[in-house]
Amino acid sequence: MQGGGHYAAATAPQGRLPSPTPRREPMSESHDLPQDAAPVSATAALTADLPFGSNPVPEGETRAQRLHRLRHSTAHLMAEAVVQLFPTAKVATGPAIEHGFYYDFDLPRPLTPEDLLEIERRMKKMAKRGFPFQKATVSVDQARELFETAGQSYKIEVIDKIVETQQPENVTLYRQGDFVDLCAGPHVSSTSRLKQFKLLRTSGAYWRGDATRPMLQRIYGTAWETQEDLDAYLNFLEEAKKRNHKKLGEELDLFHFHKEAPGAAFWTPRGFAVVQSLQKYWRELGDRRGYQEIWNPMLYKKDLYIKSGHYTHYKDDMFIIHQEDTEYCLKPMNCPDTFLYYTSKRRSFRELPLRISEGGILHRNELAGALNGLFRVRQFMQDDAHIFVTAEQVASEIAEVLDIVRECYSLFGLSYGFTLSTRPEKFMGDALTWDKAELDLKAALDKGGYTYTVDEGGGAFYGPKIDIKINDCLGRKWQCATVQLDFQQPINFDMGYTASDNTRQRPIVIHRAVFGTFERFMGVLLEHTAGALPTWMSPVQAIIVPISDKATDYAFAVLAQLKAQGIRAEVDDRNEKMGYKIREAEMRKTPYMLVVGEKEAENGTASVRTYLEGARPEAKVEDVIAEIAMRIKERTFDVDIKPLRSFDAEEAAPAESDLEY
RNA sequence: GCCUACGUAGCUCAGUCGGUAGAGCACUUCCUUGGUAAGGAAGAGGUCACCGGUUCGAUUCCGGUCGUAGGCUCCA
């Protein structure tokens with residue numbers, strides 16, 4: 001990069017610029033510009049002639065657009081601070097993103113947390129000084145010359161890309177203070193508009209997201225229009241941290257991870273009770289909705305995956321076992337072996353739609369760096385099902401699946417959104433079939449009254465799909481459910497059915513999962529409920545607290561009654577005071593606490609305390625049991641969900657003011 | 001897999017500028033028999049992730065491995 005151009009140093013007096021910071025030394029603000037900083041003055045000379053002028057503020061912007069502009073400008077401000085600290089830095093790209101912004105840099109050394117503080121400090125300082133954002137429209141050649149002189153090779157690449165895709169005559173540059181960037185804009189009028197921001201973290205990021213390109217250093221930050229918004233957002237981050245499902249899993253003794261099996265959850269008795277409650281619901285739902293469950297092997301000769309195409313397209317993600325001369329694969333998905341079931345005999349149109357579910361144990365060799373608690377594991381179980389249908393049945397069957405989605409998610413107070421992904425450029429089958437299928441999916445969505453977004457060309461090569469994203473009570477989105485049409489695998493497996501006219505027809509396969517994986521869904525639910533699960537899922541649904549051992553016999557008698565009704569209950573007969581036991585039960589978020597002493601033993605009652613309501617008056621044991629049993633049976637969502645304010649830019653409109661940049 | 005950071009008792013964390021470690025909670029025993037979020041005392045518990053290197057001596061410094069976190073990439 002020939003001398004390490006400080007490409008941004010365009011116009012300001014040179015005395016303001018810092019010298020390169022020595023490796024691993026704490027930042028100091030008293031550095032002066034090195035006298036030999038040739039690239040700097042060269043750049044300054046170059047930009048001096050450029051037509052920097054006004055930066056018109058767009059009219060009629062939405063709040064989202066305003067925030068986007070604000071955040072993008074903050075990214076530029078940050079880049080300026082980074083270039084000050086690291087004059088040899090190369091800057092890559094720095095867009096606004098949801099809730100904030102980032103900027104990628106190629107730096108001489110890794111960033112430390114102290115660097116982040118120093119960068120933020122400089123940003124605040126420059127913001128206060130109020131440098132205007134100015135815009136210049138220059139020819140592509142002028143821009144290229146500028147960034148070449150400054151040694152900014154990534155910017156050259158961006159220019160090349162723009163030229164290749166858009167063939168413009170001119171590009172625009174934006175400048176604030178000492179920093180000039182290739183940028184389409186728009187920006188705020190002045191850095192003095194940038195007040196409520198915070199740098200959050202650094203990370204590595206491949207240039208252009210390409211693992212073969214250099215790893216850059218990315219700094220993430222957040223920016224808002226008001227201090228109140230910023231505080232609320234930082235509070236949200238804190239709350240999300242508190243609700244982290246790994247932390248809750250530890251505190252509530254639900255699951256563990258061990259390095260002996262990276263990426264695979266070890267469920268404790270308490271945690272497994274929760275998983276089983278969910279699986280029980282899944283099986284009941286399947287029964288009710290006409291699904292039949294099968295149970296297939298976990299280990300297959302590679303032939304199966306050669307047939308399905310996974311061996312060529314998915315091999316890197318599969319665990320493969322060599323046994324003597326044979327290659328076996330741990331199954332990464334249920335579809336291929338479900339298809340073996342389908343083709344195991346001749347099928348009639350009378351059997352369709354054939355709804356086959358299988359919650360097999362799946363293994364995927366996810367990248368080590370991608371593993372993340374229950375959200376990304378290597379071993380998991382999906383609430384998977386494959387529905388074999390005729391073309392005519394697609395629309396009604398999809399509608400049925402969407403109705404299951406509605407039922408499931410409403411059970412947990414989760415809202416959700418749909419995305420319809422249509423035919424990609426490279427697709428299998430004929431376009432007519434696709435068109436019909438897409439119309440069917442649309443019709444099912446419309447008929448159900450669902451709103452959805454369309455991702456044109458976002459479908460899988462084998463068929464269009466509907467993805468469902470959950471919104472939890474912190475407003476976070478999670479991809480769990482998916483409904484996919486598949487025209488390809490029926491061909492690979494030569495599936496058929498005999499139609500009413502005695503011809504052999506090809507079925508269409510619908511892949512569907514609602515919870516997605518039980519693991520991820522558990523993680524989402526834990527964070528959504530902050531670990532206070534509804535009674536029907538709770539590991540221990542009722543705990544009986546004898547006041548002293550004089551009441552122990554009665555406590556166990558009550559326990560027997562609870563258990564007789566299928567309630568997960570325990571007696572805490574440890575030699576502790578009741579206050580202690582209650583505290584522990586509260587911290588475990590136990591929905592029902594039945595306090596019993598001599599008085600209750602005499603009356604056949606219990607003093608009830610619930611997690612939701614606190615202490616209640618004494619009640620007949622039968623009545624309490626009936627209440628708990630009813631909540632379990634009906635799967636009542638007896639959870640106190642306090643939705644945090646949304647950070648969706650469109651929803652959370654501020655008190656209208658002249659927020660004008 | 002890549003970047004950065006981290007790994008001390010079951011959990012949450014102190015600490016050691018290189019001389020083999022400490023707290024709280026949990027656990028065990030004893031005392032206490034107690035009305036709605038921690039009663040008291042004693043005890044036990046650690047190859048300071050693992051493997052190498054430097055050193056008289058490494059938990060501490062260096063290198064590697066494994067695992068974890070946040071990202072990148074990928075995805076349920």
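In what follows, chains carry the letters A, B, and so on, assigned in the order in which the sequence lines appear, proteins first and then strands, with residues in each chain numbered from 1. Atoms considered below: every heavy atom in the structure, side chains included; atoms not considered: hydrogens, waters and symmetry mates.
Where A:Glu519 and A:Leu216 meet RNA chain B, the nucleotide closest to each residue was compared, and A:Leu216 sits on the side nearer the 5' end. Ranked by how close their nearest RNA chain B nucleotide is to the 5' end, A:Asp317 and A:Asn372 are led by A:Asn372.
Under the 6.0 Å distance and 45° angle rule, A:Arg218 counts as a cation-pi partner of A:Tyr102. At least one test fails for A:Arg289 against the ring of A:Tyr291: distance under 6.0 Å to the centre or angle within 45° of the axis. For the pair A:Arg109 and A:Phe86, the cation-pi criterion (under 6.0 Å, within 45° of the ring axis) is not fulfilled.
Using C1' as the reference atom, B:A21 and B:C13 are 14 Å apart when rounded to the nearest Å. Across B:C61 and B:C48, the matching C1' atoms stand 15 Å from one another, rounded to whole Å. Nucleotides B:G46 and B:C6 are separated by 27 Å at their P atoms, to the nearest Å. Taking atom P on both B:A26 and B:G67, the two are 33 Å apart, rounded to the nearest angstrom. Here, B:G63 and B:C3 have their P atoms 14 Å apart, quoted to the whole Å. Comparing B:A69 with B:C25, their P atoms are spaced 29 Å from each other, to the whole Å. A gap of 30 Å separates the C1' atoms of B:G22 and B:G64, to the nearest Å. Taking atom C1' in both B:A9 and B:G52, the straight-line distance is 26 Å, to the nearest Å.
Residue contacts shown for A:Ala211 are absent, as no nucleic acid heavy atom lies under 4.0 Å away. At the heavy-atom level, A:Gly523 lies nowhere under 4.0 Å from the strands shown. Among the atoms of the strands shown, none is found under 4.0 Å from any heavy atom of A:Arg588. Contacts of A:Gly209 with the nucleic acid, taken as non-hydrogen atoms under 4.0 Å apart, involve only primed sugar atoms and P, OP1 or OP2. In this structure, A:Val545 reaches neither bases nor backbone, as no heavy-atom distance under 4.0 Å exists between it and the strands shown. A:Ala370 comes within 4.0 angstrom of a nucleotide base, judged by non-hydrogen atoms across all strands. As judged by a 4.0 angstrom heavy-atom cut-off over every strand, A:Glu586 is placed among the base-contacting residues.
Look at CG on A:Leu362: it is 14 Å from C1' on B:C75, rounded to the nearest Å. Per the geometry, CG belonging to A:Leu374 stands 16 Å off C1' belonging to B:C75, to the nearest Å. Between the NE2 atom of A:His310 and the C1' atom of B:A76 there is a distance of 13 Å, given to the nearest Å. Rounded to an integer number of Å, the gap from CG of A:Leu199 to C1' of B:G71 is 15 Å. Separating the CD atom of A:Glu251 from the C1' atom of B:C25 is a distance of 12 Å, rounded to the nearest angstrom. Note: CG (A:Leu594) to P (B:G35) measures 19 Å, nearest angstrom. Between the NZ atom of A:Lys599 and the P atom of B:U36 there is a distance of 10 Å, rounded to whole Å. Rounded to an integer number of Å, the gap from CG of A:Leu200 to C1' of B:A5 is 16 Å.
In this structure, A:Leu533 CG and A:Gln541 CD are separated by 10.5 Å, a value rounded to the nearest 0.5 Å.
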In dot-bracket form, how is RNA chain B paired, counting a Watson-Crick or G-U wobble pair only if both its distances are under 3.5 Å and using | for bases paired to another strand? (((((((..((((.....[..)))).(((((.......))))).....(((((..]....))))))))))))....
For nucleotides 6-12 of chain B, give me one character per nucleotide, 5' to 3': B if any protein heavy atom sits under 4.0 Å from the base, S if the only such contacts are to the sugar-phosphate, - if neither. -----S-
Using a 4.0 Å heavy-atom cut-off to protein, can you give one letter per nucleotide of nucleotides 38-47 of chain B, 5' to 3': B if the base is in contact, S if only the sugar-phosphate is, - if neither? BB--------
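With 3.5 Å as the limit, one finds a donor-acceptor pair spanning the side chains of A:Ser607 and A:Glu600. Inspection of the A:Thr535 and A:Asp638 side chains reveals an N or O donor paired with an N or O acceptor under 3.5 Å.
Of all nucleotides listed (B:C72, B:A76, B:A37), B:A37 comes nearest to the side chain of A:Ile582. You'll find that the side chain of A:Phe380 is closest to B:A76, out of B:A76, B:A69, B:U36. When distances run from any side-chain atom of A:Tyr220 to the nucleotides B:C72, B:U36, B:C74, the shortest one goes to B:C72. The A:Tyr206 side chain lies nearest to B:U73 when the options are B:C3, B:U73, B:C74. The listed nucleotides are B:A76, B:G70, B:G35; the one nearest the side chain of A:Asn244 is B:G70. Distance from the side chain of A:Pro110 is smallest for B:U4 among the nucleotides B:U68, B:C74, B:U4. Looking at the side chain of A:Arg364, the nearest of the listed nucleotides B:G1, B:A76, B:G35 is B:A76.
If you check distances only, the side chain of A:Ser607 does reach the base of B:U36 with a donor-acceptor pair under 3.5 Å. One cannot find a donor-acceptor pair under 3.5 Å joining the base of B:A26 and the side-chain atoms of A:Glu584. With hydrogens and angles ignored, no donor-acceptor pair under 3.5 angstrom links the side chain of A:Arg218 to the base of B:C3. Between the side chain of A:Arg609 and the base of B:A37, at least one donor-acceptor pair of N or O atoms lies under 3.5 Å. For B:G35, the base has a donor-acceptor partner in the side chain of A:Glu600 [N/O atoms by modelled type, under 3.5 angstrom].
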Distance-only donor-acceptor hits, side chain of residues 461-468 of chain A, under 3.5 Å, sequence neighbours excluded:
| unit_1 | atom_1 | unit_2 | atom_2 | d |
| --- | --- | --- | --- | --- |
| A:Tyr462 | OH | A:Gln484 | OE1 | 2.5 |
| A:Lys465 | NZ | A:Asp467 | OD2 | 3.3 |
| A:Asp467 | OD1 | A:Thr482 | OG1 | 2.9 |

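Taking the six-membered ring wherever Trp is involved, the centroid distance between the rings of A:Phe521 and A:Phe515 falls below 6.0 Å. The six-membered or imidazole ring of A:Phe412 lies away from that of A:His528, with a centre-to-centre distance of 6.0 Å or more. Note: A:Phe101 and A:Tyr103 fail the aromatic proximity criterion, with ring centroids not under 6.0 Å apart.
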Output, in order, the C-alpha distance, side-chain angles, deciding distance and verdict of ring-ring contact (aromatic ring centres under 6.0 Å, His included) for A:Tyr416 and A:Phe418. CA-CA 7 Å; A:Tyr416 45 90; A:Phe418 298 93; 5.6 Å; yes
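Listed pair A:Arg520 / B:C75 fails the phosphate criterion, with no side-chain N or O lying under 4.0 Å from OP1 or OP2. Put simply, A:Lys581 has no side-chain N or O that comes within less than 4.0 Å of OP1 or OP2 on B:U33.
At distances below 3.5 Å, at least one donor-acceptor pair connects side-chain atoms of A:Asp383 with backbone N or O atoms of A:Gly516.
For A:Thr222, the side chain to side chain donor-acceptor pair (under 3.5 Å) criterion is met by A:Trp224, not counting sequence neighbours. A:Asp106 pairs by the salt bridge (Lys or Arg N to Asp or Glu O under 4.0 Å) definition with nothing, not counting sequence neighbours.
Ion pairing between A:Arg243 and A:Glu239 holds under the 4.0 Å rule for side-chain N and carboxylate O.
Relative ring orientation between A:His258 and A:Phe266 is described as perpendicular, the plane-to-plane angle rising above 60° on a 0-90° scale split at 30° and 60°.
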